[in-house]
There are 2 protein chains.
Amino acid sequence: MRFYQSITADITIFTIKDGQLKVLLIKRTNEPFKNKWALPGGFLYQNETPEKAALRVLKAKAGIKNVYIEQLYTFGGFGRDPRGNIITVAYFALVPREKIKISRSDKIQTPTFYSLKKLPSLAFDHGRIIKYALKRLQAKLEYTNAIYALLPEYFTFNQLQKAYEITLGTKLDKRNFRKKFLMLKLIKPTKKMLRGTRQRPAQIYQFVSRKPAELKKFF
Amino acid sequence: MRFYQSITADITIFTIKDGQLKVLLIKRTNEPFKNKWALPGGFLYQNETPEKAALRVLKAKAGIKNVYIEQLYTFGGFGRDPRGNIITVAYFALVPREKIKISRSDKIQTPTFYSLKKLPSLAFDHGRIIKYALKRLQAKLEYTNAIYALLPEYFTFNQLQKAYEITLGTKLDKRNFRKKFLMLKLIKPTKKMLRGTRQRPAQIYQFVSRKPAELKKFF
DNA sequence: CCAAAAGTGTTGACTGTACACCCATGT
DNA sequence: ACATGGGTGTACAGTCAACACTTTTGG
């Protein structure tokens, strides 16, 4: 016996903006949940893998590719979606805010970055998905180099530390942070300094590699 | 636009048997991959969630319920399955071998536990799935109490340590292991001793709780 | 009394954490 | 000159890893 299901791919797109961790939401223009905020996503095309669908949506809604993306969980079940038993493969993506280009054609859906602390009421079970994604993101920061995906190519140590503090929601000790992070050898100093601020210029760093990798230990 | 896909749920069922970590495989009786070994699994029924399908398969093939089960990953893509773009939600389950009851009606499929070190040639991309499941299992042992799911209700410290050694594939120091594990307060001694062996009798322990839980730290 | 696994502590190395001051610049 | 974030080192505590002998039983 063989049955057929509808599958959607939904993405939680994280970025750091205005010193806060934010998620991209769009306003639904169709039923169900018309006019409610939701994660970008959509049905898989015929012969499309969930991953490809997620990348397609990412490109369409945020104008970005070559981005850190990872499968989160597959949700299924009645009650999630009034249209019936729809199965959703959820992804999360990390994007430095410079890379995001909101498409003009999507104006109607008003894609907006919401702070995780002030989320609006959400369609489907997207609140749950976002919570789950945040938990995963925080876990990932502790044993992978994923933080690179939230930072621009060149950055100061302070920006790096802030990125951790914002996503983990904790304060970190400046000296200990430096020590630990330098030991990991993930970043290297460039020849540039950040000048023009009215303080001592800051060394500018870049990641040795901008590819996902696991660490032996961290935090 | 809305399309429909076929979805399967496949399970990697782990158990410890004869001092080895083993996986339950069945011999396929139909094309494709007829007569090849494969993970138990099957298509989702209409209106069935992936999780329910996994539990159904688990019950049918290994005669067990109330078991540690966890979603692993959702695989999709051409090339995986010659029938086309079939999407598979993979699960893994941990079962103490006492609980397993292979159903007689399944004799034709000859469900068999294979050691992870001596796997036969496998159907689909099931080799990859098993590898992935093993990695996840090993990771889980380091920050959860999942080991309980591989052990019977009553066990000795030695069995516990062996369970870790077998699944992680490493030798552990007896004294350090005891110290660390007792600190976690996951197990308590019962009033029974294992007698009848020709050595000093061993204290019999049981888990305080047989529910999944995360640890602050471990291994 | 012998074989076999059960049970038990100490030490040194390392890792993580707490903590405060001087530096270089722009205004 | 001063305000601002940039940059640096040390000491203590806690955790982890290495290591060997005595105990209790059954045969």
Side-chain angles (χ1 to χ4, degrees), chain A residues 16 18-19 138-139 141-144 147 151-152 154-166 168-206 214-219, chain B residues 16 18-19 138-139 141-144 147 151-152 154-166 168-206 214-219:
Chain A
I16 292 177
D18 310 324
Q138 292 175 336
L141 289 185
E142 304 203 346
Y143 69 95
T144 72
I147 196 74
L151 289 168
Y154 299 100
F155 54 88
T156 65
F157 233 112
N158 203 263
Q159 282 178 277
L160 177 63
Q161 185 176 339
K162 282 268 160 54
Y164 268 99
E165 290 180 340
I166 289 165
L168 295 178
T170 55
K171 283 269 161 209
L172 298 171
D173 180 88
K174 195 167 41 153
R175 283 164 293 187
N176 294 337
F177 180 82
R178 275 183 115 87
K179 244 183 300 175
K180 267 200 272 186
F181 211 91
L182 286 173
M183 270 199 292
L184 296 174
K185 310 243 182 194
L186 295 177
I187 57 173
K188 60 182 178 195
T190 65
K191 282 166 192 156
K192 299 201 173 171
M193 303 286 277
L194 181 68
R195 310 189 143 270
T197 63
R198 62 184 261 189
Q199 309 89 312
R200 174 172 174 179
Q203 180 63 244
I204 291 177
Y205 290 85
Q206 63 181 320
E214 299 215 351
L215 312 176
K216 337 268 135 129
K217 262 193 182 186
F218 198 49
F219 287 114
Chain B
I16 292 178
D18 310 324
Q138 291 175 336
L141 289 185
E142 303 202 347
Y143 68 95
T144 73
I147 195 74
L151 288 169
Y154 298 100
F155 55 89
T156 65
F157 232 112
N158 201 264
Q159 282 177 278
L160 177 63
Q161 184 175 340
K162 283 267 162 55
Y164 268 98
E165 290 180 342
I166 290 166
L168 296 177
T170 55
K171 282 271 161 207
L172 299 170
D173 179 87
K174 194 166 41 151
R175 283 164 294 186
N176 293 339
F177 180 81
R178 276 183 114 88
K179 243 182 300 177
K180 268 200 269 186
F181 212 90
L182 287 173
M183 269 198 292
L184 297 173
K185 308 245 182 193
L186 294 176
I187 58 173
K188 58 182 178 193
T190 65
K191 283 166 191 157
K192 298 201 175 172
M193 304 285 279
L194 181 67
R195 311 190 141 267
T197 64
R198 63 183 260 189
Q199 309 90 312
R200 175 171 174 178
Q203 180 64 246
I204 292 177
Y205 290 84
Q206 63 181 321
E214 299 215 350
L215 311 176
K216 336 269 135 126
K217 262 193 181 182
F218 198 48
F219 286 114

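As a basis for the values below, the full set of heavy atoms in this structure was taken, side chains included, without hydrogen atoms, waters or symmetry mates. Chain naming here is simple, since letters A, B, ... match the order of the sequence lines and numbering starts at 1 in each.
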Can you tell me the distance, in whole Å, between the [atom1] atom of [X] and the [atom2] atom of [N]?
X	N	atom1	atom2	result
Lys174(A)	dC21(C)	NZ	C1'	10 Å
Leu172(A)	dG16(C)	CG	C1'	13 Å
Phe155(B)	dA6(C)	CZ	P	14 Å
Phe177(A)	dT15(C)	CZ	P	19 Å
Glu142(B)	dC16(D)	CD	P	12 Å
Met183(B)	dC16(D)	CE	P	7 Å
Gln203(A)	dT25(C)	CD	C1'	15 Å
Phe157(A)	dG5(D)	CZ	C1'	15 Å

message: Checking the side chain of Gln159(A) only, and the main-chain atoms of Thr156(A) only, is there a donor and an acceptor separated by less than 3.5 Å?
response: yes
query: Is a side-chain N or O of Gln161(A) found less than 3.5 angstrom from the main chain of Leu172(A), in a donor-acceptor match?
result: yes
Ala202(B) side chain, from C-beta outward: closest of dT8(D), dG26(C), dG7(C): dG7(C)
statement: Closest to the side chain of Arg198(A), out of dG26(C), dG7(C), dG5(D), is dG26(C)
- prompt: Are Phe177(A) and Tyr164(A) near enough that their ring centres are under 6.0 Å apart?
  reply: yes
task: Establish, yes or no, whether a centroid distance under 6.0 Å links the rings of Tyr205(B) and Tyr154(B).
output: no
- request: Would you indicate what Thr156(B) reaches in the nucleic acid, counting non-hydrogen atoms under 4.0 angstrom: base, sugar-phosphate, or nothing?
  value: nothing
I'd like a table of atom pairs between the protein and nucleotides 9-12 of chain C - only N or O on both sides, under 3.5 Å - with the distance next to each one.
| residue | atom | partner | partner atom | Å |
| --- | --- | --- | --- | --- |
| dT10(C) | O4 | Lys179(B) | NZ | 3.0 |

query: Just by distance, with hydrogens left out, do Asn176(A) and Lys180(A) show a side-chain donor and acceptor under 3.5 Å apart?
result: no
Taking every non-hydrogen atom, the tightest pair across Ala163(A) and Leu151(A): CB-CD2, 4.0 Å
- prompt: Any idea which heavy atoms bring Leu215(A) and Thr144(A) closest together, and the distance?
  reply: CD1-O, 3.6 Å
- prompt: Taking only residues at least two apart or on different chains, which pairs with a member in residues 191-203 of chain A satisfy side chain to side chain donor-acceptor pair (under 3.5 Å)?
  reply: Thr197(A)-Gln199(A)
field: Member of Thr190(B), Ile187(B), Ile204(B), Leu194(B) meeting the side-chain contact (heavy atoms from CB on, under 4.5 Å) criterion with Phe155(B)
entry: Ile187(B)
field: Nearest-nucleotide comparison on DNA chain D, the residue closer to the 5′ end among Thr197(B) and Arg178(A)
entry: Arg178(A)
query: Considering only heavy atoms, which members of residues 185-196 of chain B lie under 4.0 Å from some atom of DNA chain C?
result: none
dA4(C) phosphate, OP1 or OP2, under 4.0 Å from Arg200(B) side-chain N/O: no
Phosphate contact (dA17(D) OP1 or OP2) by Lys180(B) side-chain N/O below 4.0 Å: yes
